[in-house]
**Student:** 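Input: one structure, supplied below.
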Protein chains: 2
Amino acid sequence: MSVVARLRKSISEGVYPAGERIAELQVANDLGVSRTPVRLAFRTLEQEGLLERAGKRGFRVRAFTDADVLCALEVRGVLEGLAARRLAEQGLSTATKERLNACLDEGHAVLAKGHLTAEDVTRWSELNSRFHATILGATGSQVIQDAIQRNDHLPFASADSLIIDTERLGREYRKLCVAQVQHQSIVQALAHGEGARVELLMREHAYIGIRYDELLELDPKPEVTPE
Amino acid sequence: MSVVARLRKSISEGVYPAGERIAELQVANDLGVSRTPVRLAFRTLEQEGLLERAGKRGFRVRAFTDADVLCALEVRGVLEGLAARRLAEQGLSTATKERLNACLDEGHAVLAKGHLTAEDVTRWSELNSRFHATILGATGSQVIQDAIQRNDHLPFASADSLIIDTERLGREYRKLCVAQVQHQSIVQALAHGEGARVELLMREHAYIGIRYDELLELDPKPEVTPE
DNA sequence: TTTGCCAAAATTGGATCCAACTAAAGCATA
DNA sequence: TATGCTTTAGTTGGATCCAATTTTGGCAAA
């Protein structure tokens, strides 16, 4: 694994505390490399938003608030919505449609038996990634993909970071059922060239990881707390 | 000026041809520095999207098509639309409202005499930057700002890169009049907390630099060429 | 003349070295 | 004892050095 990837992982795991300064030599020792690749990695991670300049010299680990996480999700939503709308307007190739349908079929298969296993979770994660990557890839221009990928490096902003709570597979199952319907709606809208509809669907779909938990709870009564 | 900034400028000026490989040593000599700062800059510019990896080793200058430019503009549109909607929903502070109104007043002053001078162009450019920066800054979270700033490094994606054609100041004047009305609409919508409206206005406003030229021409009859 | 292989040059990635700047610790003086 | 200055340790940015890989050029053979 590259130095950038390892450092990204360390940061997301909290090895280097958020808001604190991060020293080149320390990281170099931790990763067993010299300062050069670390310095290069710092610049990459700065642009990704995981690090920020600490005055004139050096960097510090970026601290993210809950508001930032929500913001990152909304950014993903509008960008993926844009990509989906463009795809609907330019028309869906049969190859793309088949790939998307394959994702839908596999999603159906995963959810068919009425409950979730740990294995199902990883399987869903993979098909979900494929689904979103297919839409982004079919859009043509690399520009939107780049913007989304940069945003995805922020914690919880990625489409993959959907399931965390393996304790409550019941709630997660209901969430994935909703996600499956959303995926189906998106493919339907794409196939009919309904650009405006697919954009709104995609934007709503972005909230699945953060706003649907409290909706789908059963044991604790679903409560909508006003802010 | 920093190495990154100078290199960014050189690339946008076409010193290093698009699509071609860019060599560290060459750039280092051109800028009169050693390879180290150049290598650091390459990583930054890679994330900004101006460079891309050339296989396993090295980078090449990214080539942008017209479709890419349009895409970058649309990305700016949805992101700035998101920012404006959030601002409308969270409410506009009086300080922010005053700053925006100051921009509107100055815009009015620039356009009052009925035609444009070269000085007016720079003055508009500045107030336009202030206008957009004010909205982004008031949104709170840094995440959207980051996403927009990264996108802005792409050619023509920035809100500043509005006016190029100083030969036809007549057309540009009409364009700025439209932009001024759009700015006014945006402030109005923000002030009334009209989130959905301001989002759409902002998204349309993003097209001012690319789609309004052919609309506002007078001497050559306005023609809408189907693609 | 063309094709394939080998060698040499160039280029990149990583490590080390040096200078400048920052921060901290200790000492001296009021 | 507290405050301020000086010295010293640490950290970062830039330059140079080294090794490995890629590319280019030339030579030989078919």
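Computed from a predicted model, the values in this text were never measured in an experiment. Below, read A as the first sequence line, B as the second, and so on, with proteins coming before strands; counting in each chain starts at 1.
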**Student:** Indicate yes or no: does B:Arg86 engage A:Glu74 in a salt bridge with an N to O separation below 4.0 Å.
**Tutor:**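 Yes, this pair counts.
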**Student:** With hydrogens left out and only the distance checked, is there a donor-acceptor pair under 3.5 Å joining A:Arg57's side chain and the base of D:dT11?
**Tutor:**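 Yes, the side chain and the base share a sub-3.5 Å donor-acceptor pair.
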**Student:** Would the distance check show the side chain of B:Gln90 and the main-chain N or O of B:Ala138 forming a donor-acceptor pair, the cut-off being under 3.5 Å?
**Tutor:** yes
**Student:** Please work out which residues in residues 30-48 of chain B have a non-hydrogen atom less than 4.0 Å from an atom of DNA chain D and list them by number.
**Tutor:**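 Close to the strand are B:Val33, B:Ser34, B:Arg35, B:Thr36, B:Pro37.
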**Student:** Would you call A:His132 and A:His205 a side-chain contact if the rule is heavy atoms closer than 4.5 Å?
**Tutor:** yes
**Student:** How many Å lie between CD on B:Gln26 and C1' on C:dA9, as a whole number?
**Tutor:** 16 Å
**Student:** Answer yes if the ring centres of A:His108 and A:Trp124 are under 6.0 angstrom apart, and no otherwise.
**Tutor:** no
**Student:** May I have the distance from B:Arg21 (atom CZ) to C:dT12 (atom C1'), rounded to whole angstrom?
**Tutor:** 8 Å
**Student:** Any ion pair linking B:Glu13 and B:Lys9 (charged N to carboxylate O, less than 4.0 Å)?
**Tutor:**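 Salt bridge flag = yes for B:Glu13 with B:Lys9.
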**Student:** What is the distance from CD of A:Glu24 to P of C:dT16, rounded to the nearest Å?
**Tutor:**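 From A:Glu24 CD to C:dT16 P: 15 Å.
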**Student:** Treating B:Arg150 as the side-chain partner and A:Gln47 as the backbone partner, does any N or O pair qualify as donor plus acceptor under 3.5 Å?
**Tutor:**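 A pair under 3.5 Å: yes.
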**Student:** Using atom NZ of B:Lys56 as one end and atom P of C:dG14 as the other, report the distance to the nearest whole Å.
**Tutor:** 11 Å
**Student:** Using atom CZ of A:Phe59 as one end and atom C1' of D:dG13 as the other, report the distance to the nearest whole Å.
**Tutor:** 11 Å
**Student:** Could you state the atom-to-atom distance from CG of A:Leu7 to P of C:dG14 in whole Å?
**Tutor:**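 A:Leu7 atom CG is separated from C:dG14 atom P by 14 Å.
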